[in-house]
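For the numbers below, each heavy atom of this structure counts, side chains included, while hydrogens, waters and symmetry mates do not.
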Amino acid sequence: MIELEGVPELVDPVMVAAFEGWNDAGDAASTAVAHLEQEWKGEVFAALDAEDYYDFQVNRPTVWMDGGVRKVTWPTTRLSVIRIGGEKPRDLVLVRGIEPSMRWRSFCNELLGFAHELGVELVVVLGALLGDTPHTRPVPVSGVTSDPDLARTMNLEESRYEGPTGIVGILQEACTHAGVPAVSLWAAVPHYVSQPPNPKATLALLNRLEDVLDLRIPLGDLAEDARAWQLGVDQLAAEDSEVAEYVQSLEEARDTAELPEASGEAIAREFERYLRRRDGGGPGGHATDGGRAAEGEGPFLREGPDRTRPPHPKRTGPLPGTAPEGREAPRPAEDGPEDGRADGDTPGSKGDDGPDGDFRPGSGD
């Protein structure tokens, strides 16, 4: 039995979860939840027992000094709560951790036990996958659910994916069997620049989360960081004519595929988003137009003398085309994104580019 002492009664709580590892390309999803926790001063109230779910040879503990005292931090999954005021108050339960090494069913059951005790009404799981998407275009974010009614009311795709999956897919399926409404939001990260961080993908996930939850999220420096990231990748691409040509081919394919999307309904949705941000309406955060600046709208944001920029993406292997002669570059999966990868890619967010340029997962440390 889970007992939550000291946790106040929550108002219309929603659980938002993300896990480092296989479903977290570019660290985009886990960074999004970390951003929510930082901006809204989340308070950790529970942590899962690391012994039950993690292989410490895969996800190693870290040692650090606290006032001369040696301490150990164990890899685990932690839960925090944030309270959002305003005209329509709503509380969020944040789940942030590492994809477990074992006992996934028990792991999901324990999280759902917390959700039940807290009265959670909706679970939103964030993920990021590698795909054939150009870094110069808005980050595609797909919303997936196994609930047909939720798919209709929230304008989401109904999951039809078959194949290998990660903890995001397993948790969503566990929610479905437990009768808890659940949604997965997936950001596509360019496979040719998969190294973390990817603030542009993080920003896109938070923008979509705003739409799903109908609340405003303070974005802080994310828009500026996303702009700096894109400029850094532009510089890397400009150094190699083959890379530049490859990116251009992705742009043309993307633009051609999205022509039908330029409908009156799509334009109206974007205009509504703009009005919400301009008027500062809705709970949480301050009015800002930075949410769309990193996706090609609005002026460049100025960099102050003491601003700390995220590092430019490092080139550790061939960028695209990136496959050697005689091999094809990876292609995106045709079905749903629960496996967190594009067809031909090895999934994950923590790892190194292999000698042939293919992304290879690491431990998730």
Does [X] reach the side chain of [Y], with side-chain heavy atoms less than 4.5 Å apart?
X	Y	answer
Leu250	Thr133	no
Val44	Leu79	no
Asn59	Ser101	yes
Ile82	Leu94	yes
Leu213	Val124	yes
Phe45	Leu118	yes
Val123	Val183	no
Thr77	Ile98	no

- Item | Single-linkage hydrophobic cluster Met102~Leu112, side-chain heavy atoms < 4.5 angstrom |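 Different hydrophobic clusters.
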
Where is the tightest heavy-atom contact between [X] and [Y], given as atom of each residue plus distance?
X	Y	answer
Thr73	Trp64	OG1-NE1, 2.8 Å
Val189	Ala128	CG2-CB, 4.2 Å
Val33	Val95	CG1-O, 4.0 Å
Ala187	Val139	CB-CG1, 4.0 Å
Leu203	Ala226	CD2-CB, 4.3 Å
Ala204	Val141	CB-CG2, 3.7 Å

- Query: Would you find more than 12 non-hydrogen atoms of other residues, nucleotides or ligands less than 6.0 Å from Glu158 atom CD?
  - Reply: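 Correct, the count exceeds 12.
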
- Message: Are more than 12 heavy atoms, taken from residues, nucleotides or ligands other than Glu245, located less than 6.0 Å from that residue's CD atom?
- Response: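 Open: at most 12 neighbouring heavy atoms sit under 6.0 Å from CD of Glu245.
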
Just how far is it from atom [atom1] of [X] to atom [atom2] of [Y], taken to the nearest 0.5 Å?
X	Y	atom1	atom2	answer
Thr202	Leu222	OG1	CG	6.5 Å
Cys108	Arg103	SG	CZ	14.0 Å
Thr31	Asp225	OG1	CG	11.0 Å
Tyr53	Thr76	OH	OG1	9.0 Å
His191	Leu129	NE2	CG	12.0 Å
Phe19	Leu126	CZ	CG	10.0 Å

Using a 3.5 Å distance criterion without hydrogens, assess whether the side chain of [X] forms a donor-acceptor pair with backbone atoms of [Y].
X	Y	result
His35	Pro218	yes
Lys200	Ala223	no
Thr176	Gln172	yes
Arg90	Val11	no
Ser159	Thr145	no
Tyr161	Gly169	no
Glu99	Ile167	yes
Ser249	Tyr246	yes

- Task: Test side chain to side chain contact (heavy atoms under 4.5 Å, CB included) on Asp132 and Tyr192 and set out the steps.
- Result: CA-CA 8 Å; Asp132 279 346; Tyr192 57 88; over 6 Å; no

- Message: Would Val212 and Val14 count as a side chain to side chain contact (heavy atoms under 4.5 Å, CB included) here? Give the steps.
- Response: CA-CA 11 Å; Val212 170; Val14 173; over 6 Å; no

- Message: With a 4.0 Å cut-off on N to O distance, would you call Arg208 and Glu210 a salt bridge?
- Response: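 No, this pair does not count.
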
Residues [X] and [Y]: side-chain donor-acceptor under 3.5 angstrom:
X	Y	result
His135	Asn198	no
Ser30	Glu20	no
Thr136	Glu251	yes

- Task: Would you sort out whether Ser106 and Asp52 count as a side chain to side chain contact (heavy atoms under 4.5 Å, CB included), showing the intermediate values?
- Result: CA-CA 9 Å; Ser106 298; Asp52 292 339; over 6 Å; no

- Message: Checking Tyr54 now: which residues fulfil ring-ring contact (aromatic ring centres under 6.0 Å, His included) with it, not counting sequence neighbours?
- Response: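 Listed in chain order: nothing, the list is empty.
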
- For residues 138-152, pull every pair meeting salt bridge (Lys or Arg N to Asp or Glu O under 4.0 Å), keeping only residues two or more places apart or in separate chains.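 For residues 138-152, and leaving out neighbouring residues, the salt bridge (Lys or Arg N to Asp or Glu O under 4.0 Å) pairs sorted by first residue read Asp149-Arg152.
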
- Message: Considering only residues two or more places apart or on different chains, which pairs with a residue in residues 62-84 satisfy salt bridge (Lys or Arg N to Asp or Glu O under 4.0 Å)?
- Response: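 Sorted result for residues 62-84: Asp66-Lys71, Arg83-Asp91.
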
- Task: Carefully, step by step, assess Phe114 and Leu48 under the rule side chain to side chain contact (heavy atoms under 4.5 Å, CB included).
- Result: CA-CA 11 Å; Phe114 282 108; Leu48 277 58; 4.1 Å; yes

